[in-house]
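Chain letters run A, B, ... following the sequence lines, proteins first, then strands; residues in each count from 1. None of these values were measured; they are calculated from a predicted model.
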Amino acid sequence: MTTKKRASKKAAKAPKGMSALAALSVATNAKKTTAERVSALAQAPEAVMKSDENLQKLCDVVKNTDEPVEVRLEAINALATAAFAVATFEPYRNDYIATLQEVAVDPNQEIRESALGLLASEKNKFAQKKLLDGLKNPAKALVPPEKALQLLSYDVHTEAYAVARDIISNSPNELAKQEAMRLLAADPNSTKLFEKLLRDKDETREVRQVAASALNSLAPQKLQEHAREMLLDDSEYEDIQATSLSAVKQFGDDEEVAKDKALLKSVNRLSADAKSSKYKKSAKDFLAMVAEKEEK
Amino acid sequence: MKVELQINNTTNANGRFVGWSPSPCRIRITDPTGATTQTVVVKLSAVSTATGGAVVFRKTAAGTSSTTLDLSLPINGASVPFFVVGRKASISNGDVSIQARAQIANSPIVGVIRLMVRIRKNAESLTTAERDRFLAAFASLNTSGRFQDFRDMHTLLSQPQAHGAKGFLPWHRSYLLDLEREIQTIDPSVALPYWRFDQPGPKLFTLDFMGVAGPTGTVQWSATNPMQFWATDSALGVTRSPMAGWTPTTQPGPGVITEAATFALGTTYVAFRFPMELNPHGQAHTRWFGFIRSVPTAAKDPLFFLLHCNVDRLWAKWQRINGRFDPAVAASYDSAPANPGHNLPDTMWPWNGITNATDPTRPPTAPGGGMASSPCTTAPGTQPRVQQTLDYRGTISAASRLAFDYDDA
């Protein structure tokens with residue numbers, strides 16, 4: 001046997017060194033070290049689907065506030081891993097969701113965010129209500145507003161739009177504003193708001209970039225018009241021009257772009273004068289692409 | 001004199017792509033001027049750029065490979081078959097050419113065709129141009145609205161078709177192939193890259209590629225990255241952040257078993273499939289917070305497709321190591337009865353269009369229509385069957401070749 005083959009065999013034995021049931025036993029044993037338990041949890045998901053009792057053992061770890069947070073977080077992950085085996089996991093699904101709902105209001109924020117993230121992806125009504133309640137009444141908030149808005153955007157309901165608009169006009173912080181914008185990117189009535197935010201040079205670059213992306217979703221032609229104008233504007237920020245160029249390059253009308261001498265002149269200037277070599281290259285690539293299409 | 005060369009037996013320029021399996025080709029004389037006999041011998045050879053792909057030739061699919069090939073062509077224009085096999089992956093479309101020289105006075109070049117050895121590669125090994133072409137094509141698919149079908153194929157309602165049962169690997173192989181073929185209608189030079197989740201991803205997890213988590217876990221992209229416009233379900237962006245203590249650019253996914261350990265899970269499909277579905281597959285998903293961590297939202301994240309490309313690659317390599325391409329060999333698959341869509345002869349949802357209106361085990365809708373076609377092969381047709389996914393290289397039957405390959409499989 002070659003050294004390579006021996007090494008491969010040795011490495012290959014690693015996951016079988018501990019059966020799924022043995023791994024669950026270590027993972028749920030409070031006398032083991034946190035590191036041992038976290039490591040064992042990587043091999044425990046298979047055991048969870050062998051019996052209700054096994055599932056409950058892991059759910060108990062998740063729910064027990066006396067357990068180390070690292071172990072509880074990894075136990076949630078082990079359940080989430082098992083949940084990927086949808087058909088096999090089905091008999092255990094209700095208990096899994098009930099456990100997540102229980103720890104969604106856990107004293108530890110990491111645990112809450114972990115559980116709420118999984119519940120939000122399932123469009124769980126309990127989690128959505130908790131998140132929305134927290135936005136309306138910060139005293140009830142389980143997670144920061146930006147996180148709540150992010151998780152609500154997994155399943156956008158018009159009820160959240162009003163809250164998101166309030167946050168944009170009266171932001172508790174910059175991140176919450178950006179997440180509120182992402183949520184509103186599904187709202188056709190927000191087109192004008194995004195146009196305003198995109199063109200406002202006093203807004204942060206991040207806000208303007210999100211506005212550009214949102215506009216591309218809601219009114220792509222509007223973004224093309226603004227992108228062109230921002231590329232022609234000598235006083236515009238370079239990174240906003242780079243985002244504008246990405247929009248034109250990716251989604252613009254090739255024939256219209258090729259005929260637009262003013263636009264090409266501006267891009268040519270960007271390719272020569274941009275401070276960022278990346279933006280220069282992007283502009284050069286764009287001009288080369290236009291030239292190539294012209295040739296064809 | 002002039003000849004016409006056809007790669008994959010098509011005149012379609014989008015069919016000029018080969019992989020490691022023999023691609024059927026043909027050549028015929030279109031202008032016999034200068035020929036003095038009823039047949040003319042033509043020598044085929046490949047010409048590559050310094051960084052380009054490389055191909056070899058075969059007279060028959062199972063024959064020996066050679067760097068040149070002499071073929072005797074009738075001047076009446078009848079086609080003569082031959083095969084082309086990729087030996088080194090290309091980095092751009094047309095970076096390898098096949099030249100045909102007539103073996104007559106002065107050995108003139110009578111035909112040239114440019115092609116590409118198109119291979120699924122490790123995302124870390126892509127050139128900047130390859131990466132940018134992939135991102136541009138994927139972003140275009142997303143903005144066109146066509147991607148939403150793929151997102152809708154992978155929801156909680158539909159997932160008993162694809163997870164936690166033996167059809168897990170065949171279903172996802174078909175899913176990736178369908179998506180890849182759609183991307184190739186935008187840019188035929190693109191093949192799906194894969195994320196080696198048992199290795200660090202210093203190039204992949206950057207602003208210029210799959211993005212970097214911002215303070216809230218919303219992925220941030222560079223201003224030149226077209227993925228900044230990514231949207232699914234009408235909502236903007238991607239949520240994805242690594243679990244505490246993990247730096248994906250310098251560390252492999254914590255707890256994700258290695259490739260060697262994956263191959264050692266078992267030599268039969270029954271022994272291999274379920275453990276690998278949990279770890280490395282499930283474990284790689286749950287190393288993150290955000291969309292990718294949960295079945296209903298996982299396909300909203302473009303990284304999902306690179307993760308699954310690696311899952312498929314692991315199956316492909318396992319198949320090669322253990323000789324598991326033949327559906328007729330028991331160890332290649334699982335013969336225990338299962339719900340429709342999981343057994344070898346079954347067609348798979350959603351490509352077969354079957355919903356719960358006629359079969360209660362199927363989902364309520366079948367988004368996306370049939371499997372996308374490819375100018376490079378006729379397999380697997382619009383309604384792929386589980387058994388068609390096993391012999392993806394055409395090892396058992398040349399007609400089964402699905403026209404994709406991995407750089408190290």
Checklist outcome for this item: On a heavy-atom basis, the closest approach of B:L236 and A:S217 is CD1-OG, 4.0 Å

Checklist entry - Cut-off 3.5 Å, side chains only: do A:S246 and B:T224 have a donor facing an acceptor? => result no

Checklist outcome for this item: Heavy-atom closest pair (B:N279 atom, A:A42 atom, distance to 0.1 Å) is ND2-O, 3.4 Å

Checklist entry - Looking at B:F274 and A:A85, what are the two nearest heavy atoms and their distance? => result CE1-CB, 3.8 Å

Item to check | Part of A:L223 within contact of chain B (heavy atom distance under 4.5 Å) | outcome: side chain

Checklist outcome for this item: Cut-off 4.5 Å, heavy atoms of chain A, and the answer for B:F289 is side chain

Checklist entry - Side chain, backbone, both or neither: which part of A:R208 has an atom under 4.5 Å from a heavy atom of chain B? => result neither

Next on the checklist: Is B:F291 in contact with chain A via its backbone, its side chain, both, or neither, using a 4.5 Å heavy-atom distance?
Outcome noted: both

Item to check | B:E277 versus chain A, the contacting section by heavy-atom distance below 4.5 Å | outcome: side chain

Checklist entry - Side chain, backbone, both or neither: which part of B:D208 has a non-hydrogen atom closer than 4.5 Å to chain A? => result side chain

Item to check | Distance-only donor-acceptor check, side chains A:Q150 and B:T218, under 3.5 Å | outcome: yes

Checklist entry - Which atoms of B:S222 come close to chain A, meaning under 4.5 Å heavy atom to heavy atom: side chain ones, backbone ones, both, or neither? => result both

Checklist entry - Taking only heavy atoms into account, what residues of residues 152-162 of chain B are found under 4.5 Å from chain A? => result B:L156, B:Q159, B:P160

Next on the checklist: Please identify, among B:A244, B:A139, B:A136, the residue contributing the most non-hydrogen atom pairs under 4.5 Å to chain A.
Outcome noted: B:A136

Item to check | Atom group of B:W221 that falls short of 4.5 Å from chain A, counting heavy atoms | outcome: backbone

Item to check | Heavy-atom side-chain contact between B:H285 and A:F84 under 4.5 Å | outcome: yes

Checklist outcome for this item: Residue set satisfying side chain to side chain donor-acceptor pair (under 3.5 Å) with B:R196, at least two apart, ordered chain then number -> B:D198, B:E259

Next on the checklist: Checking side-chain hydrogen bond (donor to acceptor under 3.5 Å, both in side chains) between B:T216 and each of A:Q178, A:E146, A:E179, which is the one that passes?
Outcome noted: A:E179

Checklist entry - Quick one: what part of A:V210 sits under 4.5 Å from any heavy atom of chain B, side chain, backbone, both or neither? => result both

Next on the checklist: Whether the B:R293 and A:S114 side chains hold a donor-acceptor pair (N or O, under 3.5 Å, no angle test) is what I'd like checked.
Outcome noted: yes

Checklist outcome for this item: Highest number of heavy-atom pairs under 4.5 Å with chain A among B:P215, B:A223, B:S234, B:G217 belongs to B:A223

